[in-house]
Protein chains: 2
Amino acid sequence: MNNKNNKDNNLSNKSSLIKVALLGFGTIGSGVYTLLENQSKLISERLYSATGRNISLEIAKVLVLPDEYPEQLPQEIRVTDYDQILNDDSIEIVVELMGGLEPATKFMNQAMERGKHVVTANKYAIFTAQGALEEKADLTDVHLRYEAAVAGAIPILRSITEGLIGDEVEEVVGILNGSTNYILTEVKKGKSLEQALEEARQNGYLEADPSADLEGYDAMHKLGILGYLITGNYPAEREIERAGITGISPQDIEQAKQNGQAIKLVARATKTETGKFTYSVRPEALAEDHPLFHTEGVLNTIQIKCKYAQELAFTGYGAGSLETATAVTGDIVSIARDLHIC
Amino acid sequence: MNNKNNKDNNLSNKSSLIKVALLGFGTIGSGVYTLLENQSKLISERLYSATGRNISLEIAKVLVLPDEYPEQLPQEIRVTDYDQILNDDSIEIVVELMGGLEPATKFMNQAMERGKHVVTANKYAIFTAQGALEEKADLTDVHLRYEAAVAGAIPILRSITEGLIGDEVEEVVGILNGSTNYILTEVKKGKSLEQALEEARQNGYLEADPSADLEGYDAMHKLGILGYLITGNYPAEREIERAGITGISPQDIEQAKQNGQAIKLVARATKTETGKFTYSVRPEALAEDHPLFHTEGVLNTIQIKCKYAQELAFTGYGAGSLETATAVTGDIVSIARDLHIC
């Protein structure tokens with residue numbers, strides 16, 4: 001909120017031009033590219049106000065597959081060989097937006113081993129590594145940030161790790177998967193499950209293989225990451241009870257509607273008497289006065305119950321190119337800020 | 001989210017014990033005292049994980065009036081003369097929780113002039129200074145943070161200045177005053193305005209002089225601060241249209257109820273075609289599908305419309321001792337983190 005006009009004591013060697021490499025140019029990657037291009041002036045102004053320094057961000061390279069995006073990217077930044085990024089010491093931040101376990105995980109580890117900071121939206125890779133990526137960041141003394149991995153545009157990780165740093169989260173209840181929430185919303189409106197599924201696919205809300213969404217794996221990965229931030233440890237996959245929406249019948253949804261309820265795919269992390277947390281992702285029928293009842297379509301809502309702050313709720317777009325790109329950009333800029341704040 | 005095991009290049013002179021002074025021991029001050037005492041171990045653990053350093057926070061002094069709290073505070077930290085804090089170079093952070101314009105504003109300026117970082121929850125002083133306090137923080141090269149000044153426990157300032165740093169906020173619509181929202185909620189339930197007012201006073205939701213709440217001044221101060229974070233400039237008081245809830249009749253509320261609406265005291269900052277923002281605090285009748293419709297009692301809700309992230313909404317307790325104390329504590333800890341992150 002205020003400039004920090006620090007002396008250049010240990011910073012004379014730091015360039016105020018920070019070069020960034022994007023891995024992947026799909027939905028989120030192209031969004032981050034657009035955002036950093038369109039907002040570069042504003043971002044530099046805000047970084048100046050936060051650090052008292054002139055800092056600019058530049059997308060130096062974008063990694064794509066040989067046959068991908070021959071036209072959309074300037075030839076001088078389009079690369080198809082990751083070594084061209086790894087071996088470029090001028091690149092300080094690598095932004096992994098390919099998704100999937102591999103080569104994403106390997107690429108993130110390699111970047112950190114080269115002393116590059118990493119930003120990612122890859123909830124699958126972060127959860128599956130079960131803390132190994134954060135550990136690698138510690139050992140290599142770099143920043144690893146993944147705000148966009150959970151609930152898209154909602155700054156939920158930042159709110160837990162910074163805003164509530166003096167508090168204790170005792171329960172998290174969330175709608176963390178936009179595509180299944182869209183499907184349940186449309187079926188509640190009267191569409192058939194097949195129809196809603198097809199629409200979700202046409203709108204790009206579903207993967208080619210939709211099971212990650214429909215079977216609750218995507219929500220499970222996000223819940224696991226929230227569990228890590230709250231407890232300091234990742235729950236193992238076997239510790240998270242998981243059921244998707246494929247077992248729900250239109251009758252179930254109609255019945256709930258009759259009772260004034262709505263069926264949502266709810267992710268829960270709950271502290272028990274013993275202090276241990278239990279985790280579940282499963283369809284729940286919610287009453288109208290529940291904070292998640294009114295969350296429709298691709299929106300996400302996360303309710304947090306704390307020891308001191310009591311209840312907080314956050315709603316926003318959990319998916320989408322530019323929506324998710326804002327969270328990725330927030331991480332990139334916050335790293336630039338931390339590199340220059342003192 | 002990961003350790004930063006930085007070398008001790010320019011930090012060998014920095015103590016890992018950070019001494020804090022509280023100005024005031026009222027509702028919020030006693031809450032911050034409790035939170036820092038109860039959570040000190042957890043906070044140190046989290047600061048270690050964020051910085052790789054052993055950092056502990058200590059409340060070294062609490063400024064009170066001569067006749068205040070003779071019992072509740074240990075004699076060695078209870079002081080009645082501000083100079084004992086100003087002249088103590090070991091105190092790095094001053095937390096202003098007295099409220100009111102003066103001497104709060106003078107005390108914050110004096111602390112910054114002595115190179116002490118400042119945290120406050122004082123929306124009245126921050127707004128009235130119209131940027132002079134942020135400017136003083138720049139000139140004296142200290143941190144000034146006031147997350148708790150707007151919407152209590154909701155990490156809204158952090159979300160705008162950090163999470164959405166790459167985005168552009170185009171509208172803010174909020175219920176920013178819990179006491180008037182409590183009153184409107186109780187009247188909607190059927191109580192008389194006088195009855196609801198009396199209950200609000202008994203529950204400690206209203207100041208001795210309730211006009212700051214009832215006439216919309218408190219919400220106006222908070223809206224002005226949000227305007228500054230969004231635009232970089234504070235709107236002058238004359239630029240903010242303001243009407244409180246005292247002009248609302250039970251009939252208005254009943255009429256709205258008949259129409260399926262709820263009357264709320266709504267604070268708005270809206271970007272116009274010209275790019276300039278217009279500001280208003282006034283009662284509005286909201287339809288049931290409005291994000292603020294379901295915000296009842298002392299809760300606050302802030303809806304943010306952005307260029308890229310689209311719509312976000314945050315709900316939480318806008319008042320209360322420990323609720324607000326979490327936001328103050330978050331600011332104190334984030335300063336400790338920034339002092340040691342590199």
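Letters go in sequence order (proteins before strands), and every chain restarts at 1. Scope of the values below: all heavy atoms of this structure, side chains included, with no hydrogens, waters or symmetry mates. All values reported here derive from a predicted model rather than from experimental measurement.
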Peer 1: Chain A heavy atoms under 4.5 Å from B/E135: which part of the residue, side chain, backbone, both or neither?
Peer 2: neither
Peer 1: Tell me, for A/E323 versus chain B, whether the close heavy atoms (under 4.5 Å) come from the side chain, the backbone, both or neither.
Peer 2: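 The answer is both parts of A/E323.
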Peer 1: How long is the gap from CG on A/L322 to NZ on B/K307, to the nearest 0.5 Å?
Peer 2: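 Answer for the CG-NZ pair, A/L322 versus B/K307, is 10.0 Å.
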Peer 1: Which answer fits A/I154, side chain, backbone, both or neither, if we ask what part of it has an atom under 4.5 Å from a heavy atom of chain B?
Peer 2: both
Peer 1: Are side-chain heavy atoms of B/L312 and A/F314 found at a separation under 4.5 Å?
Peer 2: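 Side chain of B/L312 against side chain of A/F314, heavy atoms only: no contact under 4.5 Å found.
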Peer 1: To check you understand the geometry: which heavy-atom pair defines the closest contact between A/E162 and B/E162, and what is its length?
Peer 2: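 Looks like OE1-OE1, 3.1 Å.
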Peer 1: Between B/I165, B/L35, B/L47, B/L36, which shows the greatest number of heavy-atom pairs under 4.5 Å with chain A?
Peer 2: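 Option with the greatest count: B/I165.
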Peer 1: Using heavy-atom distances under 4.5 Å, tell me whether A/E296 contacts chain B through its side chain, its backbone, both, or neither.
Peer 2: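 Looking at A/E296, nothing touches chain B.
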Peer 1: So for A/E45, is it side chain, backbone, both, or neither that comes closer than 4.5 Å to the heavy atoms of chain B?
Peer 2: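 A/E45 has no heavy atom closer than 4.5 Å to chain B.
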Peer 1: For the interface with chain A, which of B/S334, B/G320, B/A313, B/A153 has the highest count of heavy-atom pairs at distances below 4.5 Å?
Peer 2: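 Winner by heavy-atom pair count: B/A313.
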Peer 1: Supply the atom-to-atom distance A/Y317 OH to B/C306 SG, rounded to the nearest 0.5 angstrom.
Peer 2: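 Result: 11.5 Å between the selected atoms.
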Peer 1: With a 4.5 Å cut-off on side-chain heavy atoms, are A/N38 and B/Y308 touching?
Peer 2: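 The answer is yes; the side chains approach within 4.5 Å.
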Peer 1: Applying side chain to side chain contact (heavy atoms under 4.5 Å, CB included) to A/D338 and B/R337, what does each step give before you reach the verdict?
Peer 2: CA-CA 10 Å; A/D338 285 348; B/R337 170 189 173 278; 2.7 Å; yes
Peer 1: Between atom OG1 of A/T315 and atom CD of B/Q303, what is the distance when rounded to the nearest 0.5 Å?
Peer 2: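 Those atoms lie 10.0 Å apart.
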Peer 1: What closest approach, in Å, do A/E168 and B/L42 show between heavy atoms, and which atom pair accounts for it?
Peer 2: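 Where A/E168 meets B/L42 most closely, the heavy atoms are CG-CD2, 3.8 Å.
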Peer 1: Heavy atoms only: give me the nearest A/G163-B/P155 pair and the separation to one decimal.
Peer 2: CA-CB, 4.4 Å
Peer 1: If you count heavy-atom pairs under 4.5 Å between each of B/T34, B/I43, B/D167 and chain A, which one has the most?
Peer 2: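 Answer, by heavy-atom pair count under 4.5 Å with chain A: B/D167.
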